**Student:** 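Once you've had a glance at the structure underneath, I'll fire off some questions.
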Amino acid sequence: MRTALLLLLGLVVVACSDAQPGSGRKVVGFAQIGAESAWRTANTRSIKEEAARRGWDLRFSDAQQKQENQILALRTFIAQGVDAIILPPIVETGFEPVLRDAKAAGIPVVLTDRSVEVTDPSLFTTFIGADFVEEGRRAAAWLAKTTGGKAMIAELEGSVGAAPAIDRKKGFASGVAGYPDMKVVWAQSADFTRAKGKEALEAFLKTPEGRGITAVYAHNDDMALGALQALAEVGRKPGVDVIVVSIDGVRAAFEAVAAGTLGCTVECNPIIGPLVFDVLEKIGRGETVERRIVTPGGVFDASNVREALPTRAY
Ligand code: GYE
């Protein structure tokens with residue numbers, strides 16, 4: 001019991017403890033996934049900054065990429081009686097029971113960035129995030145155009161069970177389906193991190209099949225940046241021998257595109273704080289909000305990255 005309590009306290013970092021639920025200042029619990037990527041760090045910053053700007057009391061929890069931690073944080077927020085919850089669900093399944101408890105407690109849940117699979121759609125108010133299937137399709141379209149429809153592809157997948165991993169894979173597969181000479185010859189999860197991206201691809205590149213690849217598709221930039229390192233280490237030239245395409249559009253990826261090593265990054269905008277708080281305030285006023293809010297994004301390659309780089313916010 002005591003350990004459980006300490007664990008709860010340790011998990012939930014109370015950003016501003018002066019506002020208690022019911023005291024006037026609105027309280028929102030943000031059960032973040034972790035800090036696995038540059039995208040995630042920018043997303044955390046955006047939501048924290050916007051909470052401060054609007055005078056909300058934000059309770060922040062970092063689940064360190066573990067669903068059980070995220071569920072524990074949600075239970076804590078429910079017990080505290082927060083006014084609302086922001087949840088980017090790490091995986092699609094397994095959240096139904098805790099979402100039921102939030103609903104029973106009258107706490108609205110706004111899904112950000114990733115969605116969940118639930119049998120009862122009333123368990124969350126809205127889902128704000130990108131169209132991951134479309135992102136995968138765009139990555140495939142760019143690769144098809146750049147390689148003339150001919151590529152032996154290694155795919156670095158995101159975290160197992162995560163919406164962006166499932167949907168970016170699906171979108172890419174449908175995008176290459178019309179090209180008989182584009183083949184995904186290997187795919188492995190590297191959990192959206194740079195270190196695992198490098199490690200997984202490096203091991204594959206040393207196999208006979210790995211020596212034959214001509215392209216890498218990574219579900220996020222961090223894994224792609226790891227892939228660039230792996231390629232360099234085995235003496236293959238990214239941008240020349242092997243074309244690399246990924247998703248997110250973080251600054252380091254833009255720099256790699258400008259340097260000619262990364263071919264393309266499909267943008268997925270993590271700066272959603274203003275949008276999220278517009279929605280939270282609408283909910284607070286009792287207004288109806290759209291069930292699905294899609295965040296737009298562009299495609300960046302050598303043709304347009306240089307002009308976008310100086311003002312890149314993340
Ligand atoms: O692409 C990746 C992050 O869910 C869209 O999660 C997000 C993904 C993003 O770790 O970098």
Side-chain angles (χ1 to χ4, degrees), residues 30-47 62-67 69-70 86-93 95 110-117 124 127-140 155-172 188-198 200 216-228 244-257 262 264-273 275-276 292-300 312-314:
F30 177 23
Q32 181 58 296
I33 292 172
E36 73 281 3
S37 63
W39 190 99
R40 185 69 48 205
T41 314
N43 178 248
T44 297
R45 193 180 352 115
S46 171
I47 290 176
D62 176 340
Q64 300 184 346
Q65 292 250 73
K66 291 203 175 70
Q67 183 175 30
N69 290 345
Q70 217 175 19
I86 302 171
L87 171 67
I90 178 160
V91 288
E92 286 185 338
T93 55
F95 284 100
V110 169
L111 298 182
T112 57
D113 150 34
R114 301 182 182 179
S115 195
V116 288
E117 258 180 37
F124 61 89
F127 165 41
I128 305 171
D131 180 342
F132 298 137
V133 175
E134 179 58 24
E135 290 172 346
R137 267 196 219 112
R138 287 177 170 181
E155 179 173 358
L156 284 165
E157 300 173 354
S159 310
V160 176
I166 296 166
D167 291 350
R168 286 171 179 170
K169 185 173 187 69
K170 210 188 283 171
F172 187 83
Q188 195 171 304
S189 168
D191 224 6
F192 284 124
T193 72
R194 190 189 282 225
K196 288 190 187 161
K198 176 176 182 282
V216 173
Y217 165 48
H219 292 187
N220 83 339
D221 286 342
D222 285 71
M223 294 189 294
L225 293 165
L228 295 180
V244 184
V245 55
S246 66
I247 299 173
D248 273 357
V250 302
R251 170 170 282 277
F254 269 37
E255 284 163 356
V257 173
L262 182 63
C264 168
T265 180
V266 176
E267 182 182 39
C268 176
N269 188 4
I271 315 291
I272 55 174
L275 204 53
V276 170
R292 172 75 170 109
I293 300 168
V294 182
T295 52
V299 175
F300 293 89
R312 198 66 189 157
Y314 64 98

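Just so it is clear, the model here is predicted, and its values are computed rather than measured. Ligands are counted one by one from 1 in listed order, and the atoms in each one are counted from 1 as well.
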**Student:** Is any side-chain N of the basic residue among Glu134 and Arg137 closer than 4.0 Å to the acidic one's carboxylate O?
**Tutor:** yes
**Student:** One thing to verify: whether Asp113 and Arg40 come together as a salt bridge, which I'm taking to mean a side-chain N less than 4.0 angstrom from a carboxylate O.
**Tutor:**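 Yes, this pair counts.
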**Student:** Got a sec, which residues hit ring pair (Phe, Tyr, Trp, His ring centres under 6.0 Å) with Phe30, two or more places apart in sequence or on another chain?
**Tutor:**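 With sequence neighbours excluded, Phe30 shows a ring pair (Phe, Tyr, Trp, His ring centres under 6.0 Å) to Phe60, given in chain and number order.
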**Student:** Under a 3.5 Å threshold, I'd like every N/O contact between ligand 1 and protein atoms, with atom names and distance.
**Tutor:**
from: ligand 1; atom 1: 1 (O); to: Arg168; atom 2: NH1; distance (Å): 2.8
from: ligand 1; atom 1: 1 (O); to: Arg168; atom 2: NH2; distance (Å): 3.3
from: ligand 1; atom 1: 1 (O); to: Asp248; atom 2: OD1; distance (Å): 2.6
from: ligand 1; atom 1: 1 (O); to: Asp248; atom 2: OD2; distance (Å): 3.4
from: ligand 1; atom 1: 4 (O); to: Arg40; atom 2: NH2; distance (Å): 3.2
from: ligand 1; atom 1: 4 (O); to: Asp113; atom 2: OD1; distance (Å): 2.6
from: ligand 1; atom 1: 4 (O); to: Asp113; atom 2: OD2; distance (Å): 3.3
from: ligand 1; atom 1: 4 (O); to: Arg114; atom 2: NE; distance (Å): 2.8
from: ligand 1; atom 1: 4 (O); to: Arg114; atom 2: NH2; distance (Å): 3.4
from: ligand 1; atom 1: 6 (O); to: Arg40; atom 2: NH2; distance (Å): 3.0
from: ligand 1; atom 1: 6 (O); to: Arg114; atom 2: NH2; distance (Å): 2.9
from: ligand 1; atom 1: 10 (O); to: Glu36; atom 2: OE2; distance (Å): 2.5
from: ligand 1; atom 1: 10 (O); to: Ser37; atom 2: OG; distance (Å): 3.0
from: ligand 1; atom 1: 11 (O); to: Ser37; atom 2: OG; distance (Å): 3.1
from: ligand 1; atom 1: 11 (O); to: Asn220; atom 2: ND2; distance (Å): 2.8
from: ligand 1; atom 1: 11 (O); to: Asp248; atom 2: OD2; distance (Å): 2.7

**Student:** Under a 4.0 Å N-O cut-off, is there an ion pair linking Glu267 with Arg312?
**Tutor:**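 Yes, Glu267 and Arg312 are salt-bridged.
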**Student:** Identify, with sequence neighbours excluded, every residue that meets ring pair (Phe, Tyr, Trp, His ring centres under 6.0 Å) alongside Phe124.
**Tutor:**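 Listed in chain order: nothing, the list is empty.
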**Student:** Just jot down the ring pair (Phe, Tyr, Trp, His ring centres under 6.0 Å) partners of Phe95, sequence neighbours excluded, or say none.
**Tutor:** none
